[in-house]
There are 2 protein chains.
Amino acid sequence: MTDPTARPTRAQQRRRTEEGILAAARRMFADLGYERTTIRAVARAAGVDAGLVMHYFGSKDALFSRAAELPAGEAPGEVAGSTPGEVAEAMLSALGARLEAEPAASLAVLRSMLTNADAAERYRAAGEPLLDRISASIPTSDAGLRAGLLGAIVHGVIIERYLLRFGRLADASPEEIVDLLRPCFLLLAGAQASPNS
Amino acid sequence: MTDPTARPTRAQQRRRTEEGILAAARRMFADLGYERTTIRAVARAAGVDAGLVMHYFGSKDALFSRAAELPAGEAPGEVAGSTPGEVAEAMLSALGARLEAEPAASLAVLRSMLTNADAAERYRAAGEPLLDRISASIPTSDAGLRAGLLGAIVHGVIIERYLLRFGRLADASPEEIVDLLRPCFLLLAGAQASPNS
DNA sequence: CCATTCGTTCTACGGTCGTTCAATCAACGA
DNA sequence: TCGTTGATTGAACGACCGTAGAACGAATGG
């Protein structure tokens with residue numbers, strides 16, 4: 001159907017341009033945060049005029065919203081499982097996946113969440129159902145707090161690895177990090193302490 | 001010597017004004033981050049003109065540097081001790097103190113570190129000697145990574161409690177949090193797992 | 001008492017930002 | 001073929017920013 005030699009149709013070209021802008025926006029929001037990325041700079045990086053960005057996305061806020069959408073299937077790992085041990089393992093494997101390669105959209109939210117209310121709310125909304133499910137699987141009465149601590153640990157590690165790029169965490173392999181955190185997660189999830197190898 | 005009824009001398013007044021500006025700056029940097037706080041807004045909050053802020057501090061960067069200085073004695077807790085157990089306990093009590101009341105200067109750095117290079121460097125420089133000492137007290141070969149993880153956990157918890165104000169962590173008492181984290185810290189520091197009570 | 005310091009305010013400049021809008025011109029549908 | 005749509009540009013506006021520097025006036029010191 002689509003002839004690769006043919007000049008792209010107008011709709012194709014439009015979609016291509018729009019995605020180019022989104023990709024540039026994601027990169028800049030992730031690198032610089034919301035306030036320091038400018039529409040003009042995004043447009044320049046995408047090779048278009050700033051007015052076009054406005055025309056397609058309406059406002060800087062709306063552009064951020066679109067850039068912060070997680071690509072389908074990149075939703076935070078489905079932490080299923082009912083026993084504390086299963087919950088801990090599911091969170092660890094989700095963490096491991098994020099340590100391999102965190103998507104730019106997610107980094108844009110993380111980079112901006114401390115200075116932009118929209119990003120903070122997006123971060124909260126993304127994590128809440130996850131934490132609720134984890135909390136429900138923890139048998140103790142302080143399950144909510146334990147789930148909150150698990151989330152804080154995950155995000156503390158990701159922030160230092162990807163946004164601050166601290167050597168100790170940035171250089172380590174995901175397996176190393178996950179293995180060190182495993183007993184902690186098991187303890188916080190309410191499972192028995194694992195024997196130290 | 002200082003007569004309380006007397007009108008303040010010029011030097012006193014100057015110091016008072018300067019500290020008022022610094023207090024307002026600390027509050028705003030902590031609440032809004034570096035980019036969103038403006039010199040004009042700091043001046044307004046302190047009840048003075050923006051030009052005066054420039055005159056006293058020279059530039060916005062310099063103002064941030066002064067506002068980010070920790071008040072004497074608020075330096076990150078001296079994590080002394082040589083055994084893994086002592087290190088973990090020292091970190092926990094330092095964390096407990098910070099969970100009681102984190103100083104505004106420290107929050108200003110934390111709030112800004114993801115978008116401001118100065119703040120990020122200040123954060124790194126403040127934590128590094130601490131992490132080095134912790135690392136030296138951990139007997140395993142991956143001591144550096146373990147120390148980095150401990151630091152990431154501490155800051156993840158503080159960020160979610162003070163900057164994002166997530167209910168689960170914001171409402172909990174410092175003792176609760178510290179007690180839940182204790183076995184994790186002991187494990188990461190290389191001590192034996194504590195029996196779960 | 002007078003000259004001087006200096007805390008403080010006012011005004012203004014150059015720059016950048018988000019945003020708007022008219023203009024252009026190639027692709028499209030009838 | 002021709003009118004229309006729509007992708008794209010360029011110039012401009014108003015607001016706000018960090019910063020500079022002149023001006024004022026009260027405290028200060030001789």
Side-chain angles (χ1 to χ4, degrees), chain A residues 1-3 5-25 28-29 31-68 108 112 115-119, chain B residues 2-3 5-25 28-29 31-68 112 115-119:
Chain A
M1 199 62 70
T2 55
D3 181 353
T5 71
R7 182 154 27 91
T9 168
R10 183 141 70 164
Q12 289 175 334
Q13 180 57 28
R14 146 104 197 213
R15 241 193 72 235
R16 200 171 302 179
T17 303
E18 194 169 317
E19 285 185 2
I21 294 172
L22 267 181
M28 299 203 70
F29 281 131
D31 285 350
L32 305 175
Y34 182 83
E35 5 275 332
R36 288 184 52 206
T37 93
T38 69
I39 286 192
R40 282 173 163 89
V42 168
R44 204 176 315 126
V48 299
D49 186 89
L52 192 61
V53 178
M54 289 300 297
H55 188 242
Y56 283 171
F57 298 92
S59 72
K60 184 181 178 181
D61 273 309
L63 174 63
F64 180 80
S65 280
R66 291 287 307 279
S112 304
T115 48
N116 181 268
D118 221 55
Chain B
T2 56
D3 182 352
T5 72
R7 183 154 26 90
T9 166
R10 185 139 71 163
Q12 287 176 333
Q13 180 58 29
R14 146 104 197 214
R15 242 194 70 235
R16 200 171 301 180
T17 302
E18 193 168 320
E19 285 186 0
I21 295 172
L22 267 181
M28 300 203 70
F29 281 132
D31 285 349
L32 305 175
Y34 181 83
E35 5 274 332
R36 289 182 52 206
T37 93
T38 68
I39 287 192
R40 282 171 162 90
V42 169
R44 204 176 316 125
V48 299
D49 186 87
L52 193 62
V53 178
M54 289 298 298
H55 189 243
Y56 283 171
F57 298 93
S59 72
K60 185 181 176 181
D61 272 310
L63 174 63
F64 180 80
S65 280
R66 291 287 307 277
S112 304
T115 48
N116 182 268
D118 221 58

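Throughout, a chain's letter reflects where its sequence line sits, starting with A, and its residues are numbered from 1.
- Per the geometry, CZ belonging to A/Arg14 stands 14 Å off P belonging to C/dC28, to the nearest Å.
- In this entry the distance linking CD of A/Gln12 with C1' of D/dA7 reads 14 Å, nearest Å.
- The side chain to side chain donor-acceptor pair (under 3.5 Å) search around A/Arg44 returns none, not counting sequence neighbours.
- Checked against side chain to side chain donor-acceptor pair (under 3.5 Å), A/Ser112 has no partners two or more places apart in sequence or in another chain.
- Taking the side chain to side chain donor-acceptor pair (under 3.5 Å) definition, one finds that B/Ser65 meets it with B/Arg122, sequence neighbours left out.
- Between A/Tyr34 and A/Phe64, the ring-plane angle classifies as perpendicular under the 30° and 60° cut-offs.
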For nucleotides 28-30 of chain D, tabulate all protein N/O to nucleotide N/O atom pairs closer than 3.5 Å, reporting atom names and distance.
residue: D/dT28; atom: OP1; partner: B/Thr9; partner atom: OG1; Å: 2.9
residue: D/dT28; atom: OP1; partner: B/Arg10; partner atom: N; Å: 3.1

Run the side-chain hydrogen bond (donor to acceptor under 3.5 Å, both in side chains) test on A/Thr115 and A/Glu35 for me, step by step, so that the C-alpha distance in whole Å, both residues' side-chain angles and the decisive distance to 0.1 Å come before the verdict. CA-CA 8 Å; A/Thr115 48; A/Glu35 5 275 332; 2.5 Å; yes

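- With sequence neighbours left out, the side chain to side chain donor-acceptor pair (under 3.5 Å) criterion links B/Arg40 to no other residue.
- Considering all non-hydrogen atoms of both residues, A/Val42 and A/Leu63 come closest at CG1-CD2, 4.4 Å.
- OP1 or OP2 of D/dT8 lies within a sub-4.0 Å distance of a side-chain N or O belonging to A/Gln13.
- Interface residues of residues 36-61 of chain A facing DNA chain C, ordered by number: A/Thr37, A/Thr38, A/Ile39, A/Arg40, A/Met54, A/Ser59, A/Lys60; criterion, heavy-atom separation under 4.0 Å.
- Whole-Å rounding puts the A/Arg15 CZ to D/dG6 P distance at 18 Å.
- Geometric assessment of B/Arg14 against the ring of B/Tyr56 yields a positive cation-pi assignment under the 6.0 Å and 45° thresholds.
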